[in-house]
Participant: 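Could you have a look at this structure, given as structure tokens, before my questions?
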There are 2 protein chains.
Amino acid sequence: MGRPREFDLDEALDRALDVFWRHGYEGATIPHLTKAMGINRPSLYAAFGSKEQLFRNVIHRYRAGPVAYAAEALKEPTARAVTERLFAGFMCGLTNRKNPRGCLLVHGALASGDESASIRQELAAIREELVNAIRDRFKQAVKDGDLPTGTDYAALARY
Amino acid sequence: MGRPREFDLDEALDRALDVFWRHGYEGATIPHLTKAMGINRPSLYAAFGSKEQLFRNVIHRYRAGPVAYAAEALKEPTARAVTERLFAGFMCGLTNRKNPRGCLLVHGALASGDESASIRQELAAIREELVNAIRDRFKQAVKDGDLPTGTDYAALARY
DNA sequence: AAAGTTGTGTACTGAAGAGTACAATACTCG
DNA sequence: CGAGTATTGTACTCTTCAGTACACAACTTT
């Protein structure tokens, strides 16, 4: 009940994603975001709480959308297929002209002020999490005999 | 004549370099810089003009200092020696614990707001310039018979 | 030693940032 | 159809940013 929201949450998130992706966390200002999202400032705060929480929502949508291939790739049956699919995903995503350049998780808060310290840590944790997922997948591949015994799966994953 | 400056310009630039390297152009605030440089705000402006000009000075010092190996490497007699020295320089610089992480020229203004648009372009130009220098060196190597005829020196340099 | 010149420190300015108060509005449920 | 609730738009607040005015201090030259 109450007055219905006049914009679509997911669509607004997509617009916000584009802005954050292009300018990073600190580089994206609230006026910039509201303009791209087509809403007013209080609507943004009512719907998402804060710039930081909006960014977390955007990250979630980013992982479920543009980089969803990463989670999918890990389900491939062989280490080679996993790697091939990851690389193909990287290449398609990074060279697609429709996307802003680079990876939001990498340069979203790479070199910035104290304001985004917690965001920076969170992004680093997500990246670490991905490396760990690949590592575990490669570890399993060694156990399966898919990769040679003695393979340094941790180093391979990080590479 | 006049009152002598109470701080050393080069030392102050080194301190500023550290701050910019760590936080990027926008992430480094004037209070942050003045504190690290051990000077007051008007001294900074009297000596360097503006944050942007200070950053340009810092870039100059960066290229003459931490990444001076890049220009040196190009003087090596063979393409292989050039490449080896470049790689050795990258590795030493990027893994040295005394340095902030990454390369100032790369993430100094990677994802940021409109404020640093001109800085971003300038850094991109510097990076392009370096690639072109390597390309020209490789082109010369092909002419010398040091690299095989038909080598795509431009692609090799960018890689 | 006095005049001239340049650096220093305190305290300001105007702009832009994130976040919010409040009245008006538009919907649902009883 | 009226009461209650959630969203919207305008207009604010507080903080921090880059840059500066101005009086004072320290040095050189005449």
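In what follows, chains carry the letters A, B, and so on, assigned in the order in which the sequence lines appear, proteins first and then strands, with residues in each chain numbered from 1.
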Participant: Taking all heavy atoms of B/Ala73 and all of B/Val82, pick out the closest pair and write down the distance.
Facilitator: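 Heavy atoms of B/Ala73 and B/Val82 come nearest at O-CG2, 3.3 Å.
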Participant: Please give me the minimum heavy-atom distance between B/Pro31 and B/Arg41, naming the atom from each residue.
Facilitator: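 Heavy atoms only, the tightest pair is CG-NH2, 3.6 Å.
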Participant: Under 4.5 Å between side-chain heavy atoms, counting indirect links through other Ile/Leu/Val/Met/Phe/Trp/Tyr residues: same cluster for B/Trp21 and B/Ile59 or not?
Facilitator: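 Same cluster: B/Trp21 reaches B/Ile59 through Ile, Leu, Val, Met, Phe, Trp or Tyr contacts under 4.5 Å.
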Participant: Need two values: the first and the last nucleotide of DNA chain C, 5' to 3', having an atom under 4.0 Å from any heavy-atom of chain B.
Facilitator: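 So the contact region on DNA chain C extends C/dT5 to C/dT10.
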Participant: Heavy atoms within less than 4.0 Å of DNA chain C: which residues of residues 42-54 of chain B have one? Give them sorted by number.
Facilitator: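 Contacts with DNA chain C under 4.0 Å: B/Pro42, B/Ser43.
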Participant: Is A/Leu110 linked to A/Val19 within one hydrophobic cluster, defined over Ile, Leu, Val, Met, Phe, Trp and Tyr using a side-chain heavy-atom separation of less than 4.5 Å?
Facilitator: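 No, A/Leu110 does not connect to A/Val19 through the hydrophobic network.
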Participant: Indicate yes or no: does A/Glu128 engage A/Arg158 in a salt bridge with an N to O separation below 4.0 Å.
Facilitator: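 Looking at A/Glu128 and A/Arg158, the cut-off is met.
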Participant: In whole Å, I'd like the distance from the CG atom of B/Asn40 to the P atom of D/dC24.
Facilitator: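 Rounding to the nearest Å, CG of B/Asn40 and P of D/dC24 are 17 Å apart.
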Participant: Looking at A/Arg22, A/His107, A/His23, which one forms a side-chain contact (heavy atoms from CB on, under 4.5 Å) with A/Pro100?
Facilitator: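 Among the candidates, only A/Arg22 passes.
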Participant: Among the clusters formed by ILVMFWY side chains lying less than 4.5 Å apart, do B/Val106 and B/Val58 turn up in the same one?
Facilitator: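 No, separate clusters.
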Participant: Hey, does B/Glu6 reach any base, or is it just sugar-phosphate, or nothing, if we go heavy atoms under 4.0 Å?
Facilitator: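 Sugar-phosphate, no base atom in range.
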Participant: Flag yes if A/Ile119 and A/Ile126 sit in one hydrophobic cluster, no otherwise; membership is Ile, Leu, Val, Met, Phe, Trp, Tyr, and two members link when side-chain heavy atoms are under 4.5 Å apart.
Facilitator: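 A/Ile119 clusters together with A/Ile126.
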Participant: For B/Glu115 and B/Arg3, find the nucleotide of DNA chain D closest to each by heavy atoms; which residue's nucleotide sits nearer the 5' end?
Facilitator: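 That would be B/Glu115.
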Participant: Tell me, which of residues 9-34 of chain A have any heavy atom that sits under 4.0 Å from an atom in DNA chain D?
Facilitator: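 Listed by number, there are none.
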Participant: Please step through side-chain contact (heavy atoms from CB on, under 4.5 Å) for the pair A/Gln140 and A/Tyr153, ending with a clear verdict.
Facilitator: CA-CA 9 Å; A/Gln140 183 62 41; A/Tyr153 46 81; over 6 Å; no
Participant: For B/Met37 versus B/Leu44, what's the shortest heavy-atom pair and its separation?
Facilitator: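 Closest heavy-atom pair between B/Met37 and B/Leu44: SD-CD1, 3.9 Å.
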Participant: May I have the distance from B/Arg41 (atom CZ) to D/dG19 (atom P), rounded to whole angstrom?
Facilitator: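 It works out to 9 Å between those atoms.
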